[in-house]
Colleague: 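Sharing a structure, written as structure tokens. Questions coming.
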Number of protein chains: 2
Amino acid sequence: MGNEKELLNVSKATIGRLPAYHRYLQEKLAAGEKTVSSTAIAEDLHLNAVQVRKDLSAIAREAGKPKLGFAVADLIADIDRFLGYDNLNDAVLVGAGGLGSALAGYGGFKNYGLNIVAAFDADPARAGTEIGGIKVFPADELARLVRRLNVLIGIIAVPKEAAQGVADELIRGGVRAIWNFAPVHLNVPENIAVKNEDMAASLAILSKRLAEILNSEK
Amino acid sequence: MGNEKELLNVSKATIGRLPAYHRYLQEKLAAGEKTVSSTAIAEDLHLNAVQVRKDLSAIAREAGKPKLGFAVADLIADIDRFLGYDNLNDAVLVGAGGLGSALAGYGGFKNYGLNIVAAFDADPARAGTEIGGIKVFPADELARLVRRLNVLIGIIAVPKEAAQGVADELIRGGVRAIWNFAPVHLNVPENIAVKNEDMAASLAILSKRLAEILNSEK
DNA sequence: ATTTTATCGATAAAAAATTATCGAATAGGC
DNA sequence: GCCTATTCGATAATTTTTTATCGATAAAAT
């Protein structure tokens with residue numbers, strides 16, 4: 001049912017901005033606005049209007065209308081569809097410590113198409129408990145359960161020393177995508193997707209910008 | 001004491017990769033290796049060797065040596081200096097819930113030059129407690145304390161509804177950089193640096209890559 | 001001492017991403 | 001019904017980022 005257009009020509013940069021548009025559009029929807037222009041989005045989100053237009057046209061089914069802009073509800077649906085927010089992907093969470101609990105406790109992932117079905121922890125004391133309504137299993141059941149549940153996404157929230165081992169186990173269980181919160185580079189086969197949530201990198205960028213700003217003032 | 005070279009010509013993309021190099025180099029240092037080549041780094045981190053060389057030469061004081069590569073210890077020191085890992089910046093954390101506690105509990109930020117000196121929470125029950133060794137203050141003292149402590153960095157880990165208000169208060173207190181973990185776009189003056197930790201965006205990129213991989217297999 | 005080889009830095013080429021420009025379309029006011 | 005102002009989409013120009021190429025250099029091997 002051909003929507004081949006979609007899969008092509010959508011850059012990583014664009015994909016990275018789509019969630020921000022999505023949030024913005026939902027605000028507008030809640031405020032009762034029917035349409036929104038790329039100009040307005042760009043201004044509010046501090047982006048370039050052409051860029052917004054390009055991003056949106058890459059995933060929108062309906063073209064924008066001159067003088068009015070885009071239909072808010074349609075755009076939301078388009079992004080939902082494109083990013084898969086409308087059908088849940090199962091995931092497992094490894095590490096039920098501080099960060100793991102925080103991630104489990106944040107219910108919002110469901111809105112982003114992510115459904116955490118089980119958690120794991122190496123500490124036997126944590127097995128059998130629950131975090132954010134998700135059952136915690138002992139780490140040695142990881143690969144087996146992942147395989148049984150047919151889960152394709154693993155979230156790593158363990159100390160850095162343990163991260164590579166966890167990744168190996170996840171992959172052994174059949175996981176194909178890893179969201180890594182541990183501050184280490186993971187070594188994985190080519191056909192496994194890894195996204196590092198590198199807080200140090202974010203922080204580096206922030207503090208460089210801060211330095212620039214302070215610098216430009218004196 | 002001229003190192004003007006540094007501040008120029010170091011792209012955001014490069015800055016974003018430096019922390020990964022830093023971690024890698026520390027591993028090598030721990031393993032007792034004195035030198036490392038861009039080729040080796042590139043291979044292990046799955047990057048392009050020219051890119052690595054360019055990134056490193058942008059911040060390195062000593063040039064690499066043919067046939068040997070770069071001096072591990074020197075490079076680490078260079079990155080430390082460039083990213084400010086060697087002198088701590090004070091920050092406050094707003095939101096002592098799940099995510100806030102997790103961030104406070106992660107002691108590692110000190111290694112990245114960030115020193116969290118106080119936390120705040122709107123819930124009076126949390127005021128007076130500690131998270132990860134950091135005192136929690138009532139939210140209404142935010143601006144005053146930030147100003148008194150002369151803190152320039154604020155970390156927002158509150159529910160999205162509260163985030164804009166917190167940002168405003170932080171700025172009122174004199175904060176100049178905001179690390180925002182709430183899934184909203186913050187509206188701030190131009191001379192304030194904001195870095196959004198947009199997990200939805202990361203997730204979007206990860207799941208698109210996953211989809212690609214699965215797609216390429218069938 | 002000479003040759004080989006791995007690596008560097010510099011420069012050039014290619015690719016990707018952002019931004020500018022402009023004619024066409026149309027909603028809303030006159 | 002006709003202007004006017006706003007927005008769109010398409011195309012082009014620009015900028016940024018990544019990757020390729022190549023001569024020079026120095027460690028290691030012969």
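Convention: sequence-line order gives letters A, B, ...; per-chain numbering from 1.
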Colleague: How many angstroms lie between atom CZ of A:F181 and atom CG of A:N196, to the nearest 0.5 angstrom?
Modeller: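 One gets 10.5 Å once the value is rounded to the nearest 0.5 Å.
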Colleague: If I take atom CG in residue A:L75 and atom C1' in nucleotide D:dC8, what distance separates them, rounded to the nearest angstrom?
Modeller: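 From A:L75 CG to D:dC8 C1': 13 Å.
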Colleague: Closest-nucleotide mapping onto DNA chain C: is A:K65 or B:G64 further toward the 5' terminus? I mean the 5' end.
Modeller: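 The residue mapped nearer the 5' terminus is B:G64.
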Colleague: Expressed as a whole number of angstroms, how long is the span from A:R53:CZ to D:dT6:C1'?
Modeller: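 For the pair A:R53 CZ and D:dT6 C1', the rounded distance is 11 Å.
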Colleague: Mind listing the residues from residues 11-23 of chain A sitting with a heavy atom below 4.0 Å of DNA chain D? Number order is fine.
Modeller: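 Here the set is empty: none.
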Colleague: Strictly distance-based, threshold 3.5 Å: is any side-chain N or O of A:K208 a donor or acceptor partner for the main-chain N or O of B:F82?
Modeller: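 Indeed, once roles are kept as given, a pair shorter than 3.5 Å links the two residues.
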Colleague: Take atom NZ of A:K67 and atom C1' of D:dC3, then tell me their distance rounded to the nearest Å.
Modeller: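 Those two atoms, NZ and C1', are 11 Å apart.
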Colleague: Please report the distance, rounded to the nearest Å, between CG in B:D55 and P in D:dT18.
Modeller: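 The distance from CG of B:D55 to P of D:dT18 comes to 8 Å, rounded to the nearest Å.
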Colleague: For B:K54 and D:dT17, what is the distance between atoms NZ and C1' respectively, to the nearest whole Å?
Modeller: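 These atoms are roughly 8 Å apart.
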Colleague: Would you call A:L93 and A:L103 a side-chain contact if the rule is heavy atoms closer than 4.5 Å?
Modeller: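 Sidechains of A:L103 and A:L93: in contact.
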Colleague: Between the side chains of A:D55 and A:Q51, is a donor N or O closer than 3.5 angstrom to an acceptor N or O?
Modeller: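 No, no side-chain donor-acceptor pair sits under 3.5 Å.
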Colleague: Side-chain contact test, heavy atoms from C-beta onward, threshold under 4.5 Å: evaluate it for A:I41 versus A:L47 and give yes or no.
Modeller: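 A:I41 vs A:L47: side chains apart.
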Colleague: Can you list, in residue-number order, the parts of residues 37-51 of chain A that come under 4.0 Å of DNA chain D, counting heavy atoms only?
Modeller: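 A:S37, A:S38, A:T39, in order of number.
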Colleague: Take a 6.0 Å sphere around CD of A:E43 and say whether it holds more than 12 heavy atoms from other residues, nucleotides or ligands.
Modeller: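 No, the 6.0 Å shell around CD holds no more than 12 heavy atoms from other groups.
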Colleague: Among residues at least two apart in sequence or on other chains, which ones pass side chain to side chain contact (heavy atoms under 4.5 Å, CB included) with B:Y106?
Modeller: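 Applying side chain to side chain contact (heavy atoms under 4.5 Å, CB included) to B:Y106 gives A:P183, B:F109, B:Y112.
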Colleague: What nucleotide, of C:dG9, D:dG9, D:dT7, holds the atom closest to the side chain of A:P66?
Modeller: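 From the listed options, D:dT7 comes nearest.
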Colleague: Which whole-number value in Å describes the distance from A:L68 CG to D:dT6 P?
Modeller: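 It works out to 13 Å between those atoms.
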Colleague: Determine whether the side chains of A:N180 and A:H185 contain a donor N or O and an acceptor N or O closer than 3.5 Å.
Modeller: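 No, A:H185 and A:N180 have no side-chain donor paired with an acceptor closer than 3.5 Å.
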Colleague: Would you say B:N187 and A:H46 are linked by a side-chain donor-acceptor pair, where the criterion is simply a distance under 3.5 Å?
Modeller: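 No - no donor-acceptor pair under 3.5 Å links their side chains.
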